[in-house]
Structure formats: C-alpha cells, structure tokens
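Okay, structure first, notes after.
Each chain gets a letter, A, B and so on, in the order its sequence line appears, and its residues count up from 1. Worth knowing before you read on, the calculation uses all heavy atoms, side chains too, and leaves out hydrogens, waters and symmetry mates.
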2 protein chains.
Amino acid sequence: MEGKQSNTVNALLGLLSIHPMSGYDIRQLIPGSIGHFWSESYGQIYPALKRMTAEGLIAKKTSRTKGKPVRHEYSLTEAGRTRLAAWLKVPPAAPAPVRSELLLKLFFGGQVGAEVSRAHVEDALAFEQKTLAVYEATERAIKAAHPHNPHLPFWLFTLNLGRHTSKATIEWCVETLKELDRLAGIDGQ
Amino acid sequence: MEGKQSNTVNALLGLLSIHPMSGYDIRQLIPGSIGHFWSESYGQIYPALKRMTAEGLIAKKTSRTKGKPVRHEYSLTEAGRTRLAAWLKVPPAAPAPVRSELLLKLFFGGQVGAEVSRAHVEDALAFEQKTLAVYEATERAIKAAHPHNPHLPFWLFTLNLGRHTSKATIEWCVETLKELDRLAGIDGQ
DNA sequence: GGAATCATGTAAGTAGTTACATGATTGA
DNA sequence: TCAATCATGTAACTACTTACATGATTCC
C-alpha cells in the first residue's frame with residue numbers, strides 16, 4: 001500500500017517488460033512504440049531508473065566491452081513484474097484536461113478576421129494528414145517486424161485510436177474551412 | 001519583441017475580451033466556454049491577473065458595495081486588446097505531446113488477461129458517451145443563450161471538434177471491444 | 001580530423017495542481 | 001446555526017522539458 005508512484009515508472013516497467021534495455025535504448029524505442037500517446041525525456045528516464053533500481057523493481061547489469069562505452073542494461077525483477085501487472089489492472093485515471101492552443105485561438109477567432117482562423121485550420125489539416133500518414137506507416141512497420149508477436153494486437157489497438165481520431169480531425173478541418181468561407185463571404189458582401 | 005508569455009495570459013485576455021470579470025467569474029465561466037479544451041486554476045488565474053495589471057494589459061476596478069465582499073473587476077485595456085489580436089494571428093504552436101494512461105495500459109495489455117483491457121475500454125466507452133452528451137448539451141445551451149452573437153460560430157467550431165473526436169473514440173471503443181472478445185475467445189479454446 | 005551519434009547523466013527553469021488560509025454572505 | 005458558496009489569494013509540491021556537461025566511437 002505505498003503511495004501511487006509516477007506513471008513514468010509504470011511506462012518504464014512496461015517497456016522493460018518487452019526486453020531488457022539501457023536508458024538510451026528506452027528513449028530511442030519510444031517514437032516507434034508508445035510515442036504517439038506517451039513521452040519521456042532523458043531528464044525523467046535516468047533518475048527514474050535509479051529510483052527503480054533502489055526499490056528493487058529492476059536490476060542493473062553493467063557490461064564493459066573493450067572499445068565500447070560502458071553500458072547499463074536494466075531488466076525487470078520479479079517485484080517489478082508484479083508491480084507492472086498490479087498497475088495494469090487498476091482502472092486508468094481520468095484523462096488529464098487537454099490544452100489546445102489551436103482551439104483557444106479559434107474560440108476567440110471573432111476578435112480578428114475569419115482568414116486568420118482559416119489559416120490556422122489549414123495548418124492543422126496539413127499537420128493532421130501527416131500525423132495520419134505516420135500512424136499508417138507505423139502500423140505497416142510493426143506488422144512487418146513482429147507478425148507473430150502475441151502483443152501485436154494490443155499495439156495495434158493504440159494505433160487504431162490514433163487513426164480514428166486523426167480521420168475525425170481531418171473531417172472537422174474540412175467542414176470548418178467550408179464554414180469559415182461562408183462566414184467570410186457573408187462579411188465580404 | 002518581448003519573450004513569449006504564457007498561454008494563461010492569452011486565455012485570460014481572450015475571456016476578458018468577452019466582458020469584464022473578476023478572477024472568480026473567470027474560473028466559473030471556464031467550464032461552459034473553453035473548458036473542454038483549456039483549463040486554468042485559481043493558482044494560475046490570480047497571479048496572472050496581478051502580472052497583467054502590472055504590465056498594463058488589463059485595468060482593475062475595485063467596487064465596494066455595502067454588505068458585499070470587495071469585488072475586483074478586470075477589463076482589457078487598449079494594450080491588452082492589441083496584444084490579444086497579435087497573439088491570435090500567430091500560428092498555434094505544435095500541440096504538446098499527449099499522455100494517455102488508458103493507451104499506456106492497453107499497449108502493455110498482453111502482460112495480463114484480455115478481460116483487464118476489456119474492462120478499461122468499456123469504462124472509456126461509458127466515459128466518452130457522457131462526454132459527447134455534455135458537448136451536445138453545451139451546444140444547445142450556448143445556441144439558446146447567444147443566438148445572434150457574432151462569436152457563436154467560432155464557439156461552435158470548438159465544440160464540433162469535440163463531437164467529432166468523441167464519436168470517433170466511441171467507434172474505436174466498440175471495435176476494440178469486439179477485437180478483445182475475439183482474442184479472449186481464441187485464448188479460451 | 002571532424003561531424004554525427006552513442007551514451008549517461010545533472011541542473012535549472014517552467015508550468016501547473018492542490019491544499020491551505022481567510023472571511024463574508026446567503027439560504028435552509 | 002450550519003452548510004454552501006461567494007471571493008481572493010498564497011505556499012508547497014509535482015511533473016516535465018531544455019540546456020548543459022562529458023566523453024567515447026564510428027563513419028566520412
């Protein structure tokens with residue numbers, strides 16, 4: 001019954017459950033795995049690994065190959081695996097309130113010309129199309145790399161949500177652009 | 001050419017552009033306006049109002065009605081209005097990386113039984129359905145309250161995005177539940 | 001030889017929430 | 001009279017990012 005630990009620890013436990021890794025490896029792995037819904041910087045990772053080692057959740061193995069920099073590889077201990085499973089079973093906390101600068105500017109868009117909002121939405125459309133392309137590329141890549149991995153379906157679930165929301169956002173951009181044109185037309189006459 | 005100020009300041013400038021308000025009023029107004037994509041706590045609002053007053057972006061009017069607590073009402077100055085318009089025109093920064101505890105647990109869902117993930121997704125579905133209902137109720141409410149307000153279309157844009165992404169999320173939940181059932185079925189045999 | 005990248009870490013700063021503190025007013 | 005809510009604010013804490021510091025290795 002310890003107090004709730006940070007989710008950084010839980011994310012690292014999860015990643016180390018795939019296979020043992022160094023802090024650097026973890027950072028490199030993130031973009032191609034949990035990167036589209038979770039981020040960790042070195043400033044979080046290294047101190048967390050230290051704390052987790054002290055708590056006995058992970059074990060550190062230092063290897064000195066001649067002509068190579070010292071490498072610190074961490075692997076889950078039994079305690080770590082237990083902790084991960086326990087955390088996975090707890091219903092996730094309510095999502096932290098989002099903050100969208102785009103929507104904030106759009107909400108107050110009436111204070112400036114409609115063409116300002118139009119430009120912002122067009123940028124968002126381009127951005128979201130790229131994001132969608134990345135999701136689809138990632139999906140193909142992990143399907144090709146781990147075709148028989150039992151975890152694959154779970155990895156795809158998370159990518160699917162990205163795909164769904166990206167498509168919805170793109171639709172909204174298109175609709176909103178039309179509306180903004182109508183607005184500008186009314187103003188212009 | 002000052003350094004970029006925090007978005008809290010910009011959000012408050014925007015809200016005060018609707019009409020003059022106290023810090024308390026601002027906090028109360030948020031849930032029914034920008035609350036679905038932006039949040040501010042008292043711990044942010046009061047210090048920000050103080051700084052903004054010092055910078056001349058807003059003006060404070062203190063009113064002492066007998067039998068009422070002192071009231072500090074803030075209104076935009078010309079400088080504030082100019083600053084708001086300038087900020088609105090700048091393309092919004094790339095969205096901060098999201099962090100979804102649900103997706104994190106789902107990604108590592110293979111470490112525990114499929115029924116664990118199923119329960120999480122079902123919770124998410126219920127949550128999202130409520131969220132969608134709130135968007136739709138808010139939409140009706142502001143349409144009824146401000147039918148001819150020129151800012152109304154902009155307010156609706158932001159709600160529309162919420163509606164679009166909520167619906168996409170709900171679809172994803174339903175699909176994922178089906179997939180999880182298939183997975184559990186395969187395991188179970 | 002020099003740039004990129006592998007690799008590990010720390011320090012400082014920013015942004016934000018939560019809890020606390022205070023006190024008046026209103027309504028059941 | 002007691003709870004809710006109006007109203008303003010501060011202090012402590014947490015989380016996180018960025019920049020810095022260091023040094024080895026690999027590839028051109």
[X] has an atom [atom1]; how far is it from atom [atom2] of [N], in whole Å?
X       : N      : atom1 : atom2 : value
B:Arg71 : D:dG9  : CZ    : C1'   : 16 Å
A:Gln44 : C:dT8  : CD    : P     : 17 Å
B:Ile26 : D:dC6  : CD1   : C1'   : 15 Å
B:Arg27 : D:dC6  : CZ    : P     : 13 Å
A:Tyr42 : D:dA15 : OH    : P     : 22 Å
B:Leu49 : D:dT10 : CG    : P     : 11 Å
B:Asn7  : C:dT14 : CG    : C1'   : 13 Å
B:Arg51 : C:dA15 : CZ    : C1'   : 10 Å

Between B:Thr77 and B:Leu57 (side chain of the first, backbone of the second, donor and acceptor by atom type, cut-off under 3.5 Å), is there such a pair?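 Looks like yes, one N/O pair under 3.5 Å.
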
Backbone of A:Trp87 reached by a side-chain donor or acceptor of B:Lys105 within 3.5 Å: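 Indeed, once roles are kept as given, a pair shorter than 3.5 Å links the two residues.
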
Starting at the 5' end of DNA chain D, which residue's closest nucleotide do you reach first, B:Lys60 or A:Gly43?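 Between the two, 5'-proximity favours B:Lys60.
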
With nearest nucleotides of DNA chain D determined for A:Ser41 and B:His72 from heavy-atom distances, which residue corresponds to the more 5′ nucleotide?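 Its nearest nucleotide being more 5', the pick is B:His72.
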
Taking 4.0 Å as the cut-off, does a side-chain nitrogen or oxygen of A:Lys50 come that near to OP1 or OP2 on C:dT8?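 It does not, given that no N or O in the side chain of A:Lys50 lies less than 4.0 Å from OP1 or OP2 of C:dT8.
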
Would one find a side-chain N or O of A:Tyr46 under 4.0 angstrom from OP1 or OP2 of C:dT8?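 Result: yes.
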
Choose from [options] the nucleotide whose nearest atom is closest to any side-chain atom of [X].
X       : options               : answer
A:Ser22 : D:dT8, C:dT17, C:dT8  : C:dT8
B:Tyr24 : D:dT17, D:dG9, D:dA7  : D:dA7
B:Asp25 : D:dA7, D:dG9, D:dA15  : D:dA7
A:Ser39 : C:dT10, D:dG9, D:dT17 : D:dT17
A:Gln28 : C:dG9, C:dC6, D:dT17  : C:dC6

Measure the acute angle between the ring planes of A:His146 and A:Trp155, then classify it against the limits of 30° and 60° as parallel, tilted or perpendicular.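 Rings of A:His146 and A:Trp155: perpendicular, over 60°.
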
Classify the angle between the aromatic ring planes of B:Phe37 and A:Phe107 as parallel (below 30°), tilted (30 to 60°) or perpendicular (above 60°).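 Rings of B:Phe37 and A:Phe107: tilted, as their planes differ by 30° to 60°.
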
Verify side chain to side chain donor-acceptor pair (under 3.5 Å) between B:Thr62 and B:His72, making sure each step is shown before the conclusion. CA-CA 5 Å; B:Thr62 303; B:His72 305 287; 3.2 Å; yes

